[in-house]
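The chains referred to below are lettered A, B, ... by the order of the sequence lines, with proteins before strands, and numbering in each begins at 1. Predicted model, so just to flag it, every value in this text is computed and none were measured.
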Amino acid sequence: MTGFREHRVDKVLDLSVPVHISKEIAWKRIENKIREENGHTIRSFPLYRKVISPMIATAASLVLIATIFLTRLPQQEKQACITDSGSTYSIFLPDSSEVVLNAETELQFNPEKWNRKRIIELNGEAFFNVKKGKRFIVRTHLGNVTVLGTSFNVLSRNNSFQVSCFTGKVSVESSDKKASTTLSQGQFVEYLDSDQFSTPEAFDPDRVASWHCNELFFTNTPFIKVLSEFEEQYNVTVTTQNTDNRFYTGSFPKNDLKKALNLICVPMNMRYRIINESEIEIKNK
Amino acid sequence: MTYSDGSSAEKDIDTFKELFDTYYDEIVNFMYYKSGDIETSEDIAQEVFLKVWDNRNNIKEESVQGYLYTIASNLLKNHYKRNSISFNFINSLGNNPTSESPDYILEMKEFDKEIQDVLASMPEKSRVVFLLNRIDGLIYKDIARRLNISIKAVEKRMHKALSYWNTHTNYKV
């Protein structure tokens, strides 16, 4: 017992004063009081007061107000898709370009503007299979990828930005536009800390795209396109009635035929019949 | 301090922030050693700095530390009148979850309470000197400067603190 007590006596020095509010909060409180009392002497916008005359200021604000009115457009709604950890998704964009999102990835695009501008904002990792057409731009916080029609993988997480080109050509540019490079089929590039890209080099396609998902994901996609994707995936032929003007939103697995058929037919209020291994009939209920 | 008038208020605030960063913690500790009440200690520390701000044109940089301690002591005297105080120090040992036996933990808690009670009942002047030395690790000369007393006085208070400690606990410090 004495041993324990002797040990503890040394620890008298190890006491520390408890904390009720943090030092930062204490400072904020003091600072607020100081600024209240000295409010009339502290100038927040010295530039405005000293340099710009009232007349110019008035003119400037009028221009500003006019600009706001003229450029105010109806709010366009962006479509966003966020995957959580452990799940991957395929998305078909309105032009039936395909995007496969890896886990913990966020993607945004504007469907209404899609026909004019194919721009996607990406944070995470995704594989793109772009249908030929207008310029297709992937924006990330470190840089942009621009293509016409090709397939490529983009990884943009924290401080890494890597692009792998599977087919066609891809041009890559850093956000500050200081560095850019062009990738040919089978090439890979990485953004380095020193504001430049690594030299394009060959990569192993299986390794880069190995995360590709087991699920197809559709947003407001023409039903006929969904079916053709399904046919391709399961190597079957689907016969159906007229499905013009019908659209599908949802997802189905790539490796479970019956589950996939249920996930397609139930929300569409349809029925399916498996005729044989390679033929399926879908019709309205 | 080299404060000028309102024309460079932002610069003044920056200088003042440095002063705050340097001395805030030790003023809070000092108040706590006197009062045993952390909320009061923090309130008073804030008040101390506001007073220094108000008088920034009259305080010399070399005397600011002593000034802070003097204002703090005075504010506490006006603000806080209580006969008995109790401490709630955080003990680095007591807060570590260990695999020790319940008996050991219980004994540790009792011990913790005992030393905190002895500290609380110790005469204030002796306690402050004792804790500034034992917790903040200040040498006598630094304590003397902060409290604006002589080194001899610090030695005397320290001696009183130790003999109080020894008569109220069985443990040597």
Side-chain angles (χ1 to χ4, degrees), chain A residues 1-65 68 85 158-159 176, chain B residues 5-10 12-13 16-17 20-21 24-25 28-33 37-43 45-50 52-54 56 87-95 100 104 107-108 111-112 114-116 118-119 130-131 133-137 165 169-173:
Chain A
M1 207 48 70
T2 38
F4 155 73
R5 299 219 143 142
E6 275 163 15
H7 172 65
R8 294 281 286 123
V9 169
D10 290 337
K11 294 296 170 190
V12 170
L13 315 178
D14 252 4
L15 297 176
S16 59
V17 174
V19 175
H20 172 239
I21 61 162
S22 72
K23 194 173 179 177
E24 285 70 37
I25 293 173
W27 170 251
K28 275 284 159 242
R29 286 184 187 169
I30 290 171
E31 196 187 11
N32 285 344
K33 280 197 182 140
I34 292 172
R35 285 182 190 277
E36 262 170 41
E37 285 162 19
N38 295 266
H40 57 285
T41 59
I42 297 170
R43 299 192 183 100
S44 316
F45 302 104
L47 184 81
Y48 167 76
R49 288 200 190 164
K50 280 180 190 163
V51 181
I52 305 174
S53 77
M55 218 155 86
I56 296 172
T58 317
S61 40
L62 279 177
V63 170
L64 189 71
I65 291 164
I68 291 168
S85 56
N158 304 325
N159 284 327
D176 55 13
Chain B
D5 61 9
S7 61
S8 56
E10 285 300 329
D12 282 3
I13 291 176
F16 185 60
K17 172 81 165 51
F20 172 85
D21 285 340
Y24 176 77
D25 288 332
V28 171
N29 286 6
F30 177 54
M31 289 291 95
Y32 188 70
Y33 301 155
D37 177 339
I38 187 61
E39 290 180 34
T40 302
S41 302
E42 288 169 348
D43 285 350
Q46 287 175 44
E47 245 177 278
V48 169
F49 282 96
L50 284 171
V52 170
W53 172 259
D54 289 342
R56 63 191 179 279
F87 281 111
N88 193 20
F89 279 110
I90 298 164
N91 189 305
S92 65
L93 255 198
N95 290 334
E100 303 291 350
Y104 180 88
E107 183 154 356
M108 223 157 67
F111 178 78
D112 209 33
E114 198 179 329
I115 57 168
Q116 303 227 16
V118 172
L119 287 175
F130 180 70
L131 293 178
N133 174 251
R134 293 300 162 122
I135 294 183
D136 292 2
W165 180 270
T169 69
N170 297 321
Y171 323 124
K172 295 272 181 293
V173 195

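Looking at B/D37, B/V28, B/I38, B/D43 one by one, the single match for side-chain contact (heavy atoms from CB on, under 4.5 Å) with A/H20 turns out to be B/I38.
Looking at B/D54, the atoms closer than 4.5 Å to chain A (heavy atoms on both sides) all sit in the side chain, from C-beta outward. For a residue to count as touching a neighbouring chain, one of its non-hydrogen atoms must lie under 4.5 Å from one of that chain's; by this rule B/F87 does not touch chain A.
When every heavy atom of A/I21 is checked against every heavy atom of B/Q46, the shortest pair comes out as CD1-NE2, 3.1 Å.
For the side chain to side chain donor-acceptor pair (under 3.5 Å) test, no residue two or more places apart in sequence or in another chain qualifies with B/Y32. Residues satisfying the side chain to side chain donor-acceptor pair (under 3.5 Å) criterion with A/D176, sequence neighbours excluded, are A/S174.
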Exercise for the section: Could you walk me through whether B/F20 and A/K23 pass the side-chain contact (heavy atoms from CB on, under 4.5 Å) test, one step at a time? Expected result: CA-CA 9 Å; B/F20 172 85; A/K23 194 173 179 177; 3.8 Å; yes

Problem - Verdict with reasoning, A/I30 to B/W53, per side-chain contact (heavy atoms from CB on, under 4.5 Å) - result: CA-CA 9 Å; A/I30 290 171; B/W53 172 259; over 6 Å; no

Exercise for the section: Mind running side-chain contact (heavy atoms from CB on, under 4.5 Å) on A/L15 and B/L119 for me, showing each step along the way? Expected result: CA-CA 12 Å; A/L15 297 176; B/L119 287 175; 4.0 Å; yes

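Ion pairing of A/R29 with B/E47 is absent here, as no side-chain N (NZ or NE/NH1/NH2) approaches a carboxylate O to less than 4.0 Å.
Remark: B/L50 CG to A/E31 CD distance equals 11.5 Å, nearest 0.5 Å.
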